[in-house]
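Inspection log for the structure reproduced underneath, given as structure tokens.
Nothing here was measured: the structure is a model prediction, and the numbers come from that model.
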Amino acid sequence: MAIRAAISGSHLKLSSSSLGARSLSSWWRNVEPAPKDPILGVTEAFLADPSPDKVNVGVGAYRDDNGKPVVLECVREAERRIAGGFNMEYLPMGGSVNMIQESLKLAYGENSDLIKDKRIAAIQALSGTGACRIFADFQKRFCPDSQIYIPVPTWSNHHNIWRDAHVPERTYHYYHAESKGLDFAAMMDDIKNAPKGSFFLLHACAHNPTGVDPTEEQWREISHQFKVKGHFALFDMAYQGFASGYPEKDAKAIRIFLEDGHPIACAQSYAKNMGLYGQRVGCLR
């Protein structure tokens, strides 16, 4: 379709395609390509490597002995059970009610009084990344003067999430490089010295990227100090079941905080423990 413009008594024909290209150039000339994800960059390097003995250690996904993707049999069974059994209508604003309820049980326990008394607000999210981003926006909206304390090191995307939500970021000590363990004393000092009522991001289990977790006794000390300072804990739980092999044990830190009466938040992902990366399945509560 051509657009006609009358100029000085003559007709000038301008194609919609040329106008569209010019408009796009004007609107988006300042948009730069996003930086490559450092984790996915490992996968790109793996694919480009011609070695027949290469192993991809970039993404925590299930693989067989030949390096091929593996779908858990429990996931296949779930697919068989639900196939054709759901309509494609709108879900409630919070997402799938059944999915949320089962997620709460997995994190807080089958017999949790908080679940029975309906004292938990929860929504379905786009995996753990989406859950963290929703919480960051929630924090900015309702506690606009707050900041977030993030461990050193942490999953690289944590920094992006809170930065893009315009929440100021602080850090706290976590990993002790020389001992390859937890720098517990320095971590506790940072918790004690943070302003009262600060927000802290805690890894519930299988800390990413170190794999180093506090012991149960240390979690109890952390919980106590949070109580003293009135801090708020957001648990990022991306690996429940991976650290110990037992989902109940890997949720121990959360259960300790709940037993001590803390109001907490939890970003839950099923990408790793159920191999559902592509489905983006998660929950925020």
Side-chain angles (χ1 to χ4, degrees), residues 93-95 97 99-125 128-151 154 158 161-162 165-172 174 187-188 190-205 207 213-214 216-240 247-248 250-269 282-285:
M93 287 184 65
V97 175
M99 178 267 184
I100 291 170
Q101 287 300 313
E102 295 305 316
S103 294
L104 294 179
K105 293 176 185 177
L106 189 63
Y108 296 163
E110 290 276 349
N111 299 314
S112 170
D113 289 335
L114 293 173
I115 299 176
K116 293 177 182 178
D117 298 339
K118 297 182 178 181
R119 288 188 283 147
I120 307 173
I123 60 171
Q124 186 175 343
T129 305
C132 284
R133 179 55 196 260
I134 293 171
F135 182 85
D137 285 334
F138 184 88
Q139 179 184 348
K140 181 62 178 179
R141 176 175 295 187
F142 295 103
C143 296
D145 297 326
S146 65
Q147 52 195 2
I148 185 76
Y149 279 80
I150 294 177
T154 193
H158 283 146
I161 290 168
W162 269 268
H166 304 289
V167 176
E169 178 188 330
R170 301 289 295 273
T171 59
Y172 65 91
Y174 190 86
M187 177 183 180
M188 290 298 291
D190 288 342
I191 294 172
K192 293 175 183 177
N193 294 326
K196 288 186 177 181
S198 294
F199 285 77
F200 275 76
L201 172 68
L202 302 174
H203 294 232
C205 63
H207 177 271
D213 294 329
E216 181 175 331
E217 181 180 347
Q218 288 171 333
W219 274 122
R220 294 191 182 279
E221 291 187 49
I222 294 169
S223 174
H224 172 73
Q225 194 58 47
F226 267 58
K227 197 78 169 181
V228 171
K229 296 288 296 193
H231 295 330
F232 187 93
L234 165 66
F235 285 94
D236 188 353
M237 187 161 63
Y239 293 93
Q240 186 181 4
E248 290 288 311
D250 285 354
K252 190 62 178 179
I254 291 175
R255 310 282 175 86
I256 289 172
F257 269 65
L258 293 177
E259 290 169 7
D260 289 345
H262 292 279
I264 67 168
C266 179
Q268 187 174 16
S269 168
C283 186
L284 173 67
R285 50 193 172 275

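- More than 12 heavy atoms of other shown residues, nucleotides or ligands fall within 6.0 angstrom of atom NZ in Lys116.
- A tilted orientation is assigned to the rings of Phe142 and Phe138, their planes being inclined by 30° to 60°.
- In this structure, Leu202 CG and Asp213 CG are separated by 11.0 Å, a value rounded to the nearest 0.5 Å.
- Among all heavy-atom pairs drawn from Ile100 and Ala122, the shortest one is CG2-CB, 3.5 Å.
- Ring orientation note: the planes of Phe235 and Trp219 are tilted relative to one another, at an angle of 30° to 60°.
- Ring pair His207/His203 is tilted by interplanar angle, where 30° to 60° counts as tilted.
- Between Ser146 and Pro168, the closest heavy-atom pair is O-CD, 3.5 Å.
- Looking at Gln101 and Ile115, their side chains come closer than 4.5 Å, going by heavy atoms from C-beta outward.
- Checked by atom type and distance alone, the side chain of Lys140 pairs as donor or acceptor with a backbone atom of His166 at under 3.5 Å.
- Counting heavy atoms of neighbouring residues, nucleotides and ligands inside a 6.0 Å radius, atom CD of Glu259 exceeds 12 of them.
- Ring geometry for Phe226 versus His231: interplanar angle over 60°, hence perpendicular rather than tilted (30 to 60°).
- Heavy-atom minimum distance, Leu258 versus His262: CD2-O, 4.2 Å.
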Run the numbers on Gln147 and Tyr149 for side-chain contact (heavy atoms from CB on, under 4.5 Å), then give the verdict.
CA-CA 7 Å; Gln147 52 195 2; Tyr149 279 80; 3.8 Å; yes
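- Taken to the nearest 0.5 Å, the NE2 atom of His224 stands 14.0 Å off from the CD1 atom of Ile256.
- The distance from atom OH of Tyr172 to atom OG1 of Thr154, rounded to the nearest 0.5 Å, is 7.0 Å.
- The main-chain N or O of Ile191 is never found under 3.5 Å from a side-chain atom of Lys229 such that the two would form a donor-acceptor pair.
- To the nearest 0.5 Å, atom CD of residue Gln124 and atom CG of residue Leu284 are 12.0 Å apart.
- The two residues Leu106 and Pro247 have their closest heavy-atom pair at CD1-CB, 4.0 Å.
- At least one side-chain heavy atom of Phe199 sits less than 4.5 Å from a side-chain heavy atom of Phe135.
- Side-chain N or O atoms of Gln240 include none that pairs as donor or acceptor with a backbone N or O of Ser269 at under 3.5 Å.
- Asp117 pairs by the salt bridge (charged side-chain N to carboxylate O under 4.0 Å, His left out) definition with Arg119, not counting sequence neighbours.
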Apply the test side-chain contact (heavy atoms from CB on, under 4.5 Å) to residues Gln225 and Ile222: give CA-CA distance (whole Å), side-chain angles for both, the deciding distance (0.1 Å), then the verdict.
CA-CA 5 Å; Gln225 194 58 47; Ile222 294 169; 6.0 Å; no
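- Remark: side-chain polar atoms of Tyr108 are not paired, donor with acceptor, to backbone N or O of Ile254 under 3.5 angstrom.
- Counting heavy atoms from C-beta outward, Leu234 and Gln139 have side chains that stay 4.5 Å or more apart.
- Taking the salt bridge (charged side-chain N to carboxylate O under 4.0 Å, His left out) definition, one finds that Glu216 meets it with Arg220, sequence neighbours left out.
- Heavy-atom minimum distance, Ala204 versus Ala253: O-CB, 4.0 Å.
- Distance check: Ser103 OG to Ile120 CD1 gives 11.0 Å after rounding to the nearest 0.5 Å.
- The heavy-atom pair separating Ile161 from Ala136 by the smallest distance is CG2-CB, 4.0 Å.
- With values rounded to the nearest 0.5 angstrom, Ile123 atom CD1 is found 4.0 Å from Ile134 atom CD1.
- Arg255 places a side-chain N or O within donor-acceptor distance of the main-chain N or O of Ala107, the cut-off being under 3.5 Å.
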Quick one, Asp236 with His158, criterion side-chain contact (heavy atoms from CB on, under 4.5 Å). Give me CA distance, side-chain angles, the key distance, then yes/no.
CA-CA 10 Å; Asp236 188 353; His158 283 146; 2.6 Å; yes
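- Ser112 contributes no side-chain N or O that, together with a main-chain N or O of Gly109, makes up a donor-acceptor pair within less than 3.5 Å.
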